[in-house]
Amino acid sequence: MKTKRVILSSIFGLFFLYTGLFAQDFQGQAYYFSKSTLDLGRWGSRLSEAQKKQVQERLKNRLEKTYILTFSVEESLFKEDEKLDAISGATDSWGKNFTPGKQYKNVKTNTLLQDQEFYGKQFLVKDQLLKLEWNMTADTKQIGEYMCMRAVAVVPSEQLSWYDFSWDKLRNQNKEEDKNESNNEVADGDTSKIQEVNMTQIEAWYTPQIPVSHGPLEYWGLPGLILEVNAGNTTMLCSKIVINPTEKNKIEAPDKGKEVTKMEYQEIITTKMAEMRDMYSGRRGR
């Protein structure tokens with residue numbers, strides 16, 4: 001335990017020392033490969049192994065993606081590598097409505113700005129950075145040429161996937177609303193009717209050799225660049241890092257679209273999908 005405290009103390013000391021010494025024009029780029037497994041749920045139990053493989057192959061461009069994180073000491077811009085998507089020629093118009101758009105983070109001002117398009121309508125999601133209470137460990141491993149350390153955190157799952165949608169979530173929400181209508185008040189001390197919150201454990205590997213507090217997607221707040229993240233059914237791994245590239249990229253925050261918070265955006269897409277479901281069901285009933 002004493003050894004762990006010494007290691008962590010040294011890491012934080014180096015972090016604050018190096019970030020103070022970093023020039024204001026410092027910049028880096030990190031390339032990440034993201035791979036997710038597909039949970040087919042009850043529907044998947046009716047499929048053969050060959051059919052499951054076909055579904056996985058059809059959705060490969062949604063389950064495997066490449067991203068670029070451009071970062072300075074205080075700011076970062078995270079976006080999908082559109083060049084690779086163009087080369088593959090893959091199109092997924094449905095899936096693009098529920099994928100993360102261009103994301104700007106500022107660790108000094110605790111600000112997140114994210115570009116989101118939903119069925120042709122542009123939104124600008126403005127909110128605070130995700131609050132992550134990291135549990136630092138003394139575990140280490142090598143990722144490429146960088147020595148990395150492990151940290152873990154646990155957060156409500158919906159805070160990681162606020163831009164996404166699932167029919168199961170809508171069904172569960174409707175069930176909960178029905179329960180609330182029949183039970184307007186919860187008796188004092190009775191927690192049986194309180195909705196259970198699904199939690200996701202996040203495992204992150206960060207390198208103190210690049211002492212910036214950035215990472216891909218919602219992940220940030222460690223004394224070093226996050227090079228690997230394992231959360232739920234998704235793994236993100238950094239495959240390439242360029243420090244102070246010859247041609248620097250301007251880190252610009254998105255500024256177009258209707259301004260909403262994460263929660264407001266989730267309510268908008270959930271309401272719209274419920275309307276589409278009801279409209280479709282009505283047509284089928286004719």
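Predicted, not measured: the structure shown is a model, and the values here were computed from it. Computation of the quantities below employed the complete heavy-atom set of this structure, encompassing side-chain atoms and omitting hydrogens, waters and symmetry-equivalent molecules.
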- [ ] Please report the closest heavy-atom contact between Leu225 and Ala30, naming both atoms and the distance.
- [x] CD2-CB, 4.3 Å
- [ ] For Asp127 and Lys262, indicate whether the former's side chain and the latter's backbone hold a donor-acceptor pair under 3.5 Å.
- [x] yes
TODO: Can you measure from OG1 (Thr137) to CE (Met149) and round to the nearest 0.5 angstrom?
DONE: 6.0 Å
Task: Any Ile243 side-chain heavy atom under 4.5 Å of Phe26 side chain - done: yes
- [ ] Determine whether Trp162 and Val125 make a side-chain contact, defined as any pair of heavy atoms from C-beta on separated by less than 4.5 Å.
- [x] yes
Task: Side-chain heavy-atom pair Thr99, Lys65 within 4.5 angstrom cut-off - done: yes
- [ ] May I ask you to test the Met147-Gln142 pair for a side-chain heavy-atom distance under 4.5 Å?
- [x] yes
Task: Distance-only donor-acceptor check, side chains Glu228 and Asn230, under 3.5 Å - done: yes
Task: Close side-chain approach of Leu160 and Leu130, heavy atoms under 4.5 Å - done: yes
Open item on the list: Strictly distance-based, threshold 3.5 Å: is any side-chain N or O of Thr200 a donor or acceptor partner for the main-chain N or O of Gly232?
Closed with: no
- [ ] Taking Ser213 for its side chain and Pro223 for its backbone only, find out whether a donor-acceptor pair lies under 3.5 Å.
- [x] no
Task: Side-chain donor/acceptor of Trp220 to backbone N/O of Asn106, under 3.5 Å - done: no
TODO: Please check if Leu217 and Ile251 belong to a single hydrophobic cluster, counting links between Ile, Leu, Val, Met, Phe, Trp and Tyr side chain heavy atoms closer than 4.5 Å.
DONE: no
Open item on the list: Would you say that Ile143 contacts Thr207 through its side chain, given a criterion of any heavy-atom pair below 4.5 Å between the two side chains?
Closed with: no
- [ ] Decide whether a cation-pi geometry holds between Lys141 and Trp205; the criteria are a distance under 6.0 Å from NZ or CZ to the six-membered ring centre and an angle within 45° of the ring axis.
- [x] yes
- [ ] Measure from the side-chain N and O atoms of Lys35 to the backbone N and O of Leu237, and report whether any donor-acceptor pair falls under 3.5 Å.
- [x] no
TODO: Enter the distance from Ile226:CD1 to Trp134:CH2 here, rounded to the nearest 0.5 Å.
DONE: 5.0 Å
Open item on the list: Would you say the rings of Tyr67 and Phe78 are close, in the sense that their centroids are separated by under 6.0 Å?
Closed with: yes
- [ ] Give the intermediate values and the outcome of side chain to side chain contact (heavy atoms under 4.5 Å, CB included) for residues Lys240 and Phe33.
- [x] CA-CA 10 Å; Lys240 176 184 174 183; Phe33 177 72; over 6 Å; no
TODO: Write down the atom of Pro254, the atom of Leu124, and the distance for their closest heavy-atom approach.
DONE: O-CD1, 3.5 Å
TODO: Looking only at non-hydrogen atoms, find the nearest pair between Leu112 and Gln103 and report the distance.
DONE: CD1-NE2, 3.6 Å
TODO: Would you mind listing every side-chain hydrogen bond (donor to acceptor under 3.5 Å, both in side chains) that reaches into residues 242-255, with sequence neighbours excluded?
DONE: none
Task: For the student: nearest non-hydrogen atoms of Leu129 and Val107, plus distance - done: CD1-CA, 4.0 Å
Task: Heavy-atom side-chain contact between Glu267 and Met263 under 4.5 Å - done: yes
TODO: Show the numbers, then the answer: is there a side chain to side chain contact (heavy atoms under 4.5 Å, CB included) between Tyr146 and Ile241?
DONE: CA-CA 10 Å; Tyr146 296 96; Ile241 297 174; 3.5 Å; yes
Open item on the list: Can a donor-acceptor pair be found, under 3.5 Å and without considering hydrogens, that links the side chain of Glu264 to the backbone of Thr261?
Closed with: yes
Open item on the list: I need the minimum non-hydrogen distance between Leu69 and Pro216, along with the two atoms involved.
Closed with: CD2-N, 4.3 Å
TODO: Calculate, to the nearest 0.5 Å, the distance between atoms CE and OG belonging to Met199 and Ser157 respectively.
DONE: 7.5 Å
- [ ] Starting from the C-alpha separation in whole Å, work towards a yes-or-no answer on side chain to side chain contact (heavy atoms under 4.5 Å, CB included) for Met136 and Leu222.
- [x] CA-CA 9 Å; Met136 318 289 284; Leu222 287 166; 3.6 Å; yes
Open item on the list: Under the criterion side chain to side chain contact (heavy atoms under 4.5 Å, CB included), I'd like the reasoning laid out for Asp115 against Tyr104: C-alpha separation, chi angles, the key distance, then a yes or no.
Closed with: CA-CA 9 Å; Asp115 227 350; Tyr104 168 87; over 6 Å; no
Open item on the list: Determine whether a donor-acceptor pair (N or O, by modelled atom type, separation under 3.5 Å) exists between the side chain of Lys102 and the backbone of Ala253.
Closed with: no
Task: Thr70-Gln29 side chain donor-acceptor pair, cut-off 3.5 Å - done: yes
TODO: Assess the side chains of Gln266 and Thr270: does a donor N or O sit below 3.5 Å from an acceptor N or O?
DONE: yes
Open item on the list: Quick check: is Tyr163 connected to Tyr119 through a chain of hydrophobic side chains (ILVMFWY, heavy atoms under 4.5 Å apart)?
Closed with: yes
Task: Test item: Tyr265 and Lys258 side chains (from C-beta on) under 4.5 Å apart, heavy atoms - done: no
TODO: Report the distance from atom NZ of Lys131 to atom CG of Asn110, rounding to the nearest 0.5 Å.
DONE: 10.5 Å
Task: Nearest atoms (heavy-atom pairs only) where Gly224 meets Tyr206 - done: O-CB, 3.6 Å
Open item on the list: Once rounded to the nearest 0.5 Å, what's the spacing between atom NE2 of His214 and atom CZ of Phe71?
Closed with: 7.5 Å
- [ ] Starting at NZ of Lys121, measure out to CD1 of Ile268 and round the result to the nearest 0.5 Å.
- [x] 7.0 Å
Open item on the list: When you group the ILVMFWY residues by side-chain heavy-atom contacts below 4.5 Å and let the links chain together, are Tyr31 and Val229 in the same group?
Closed with: no
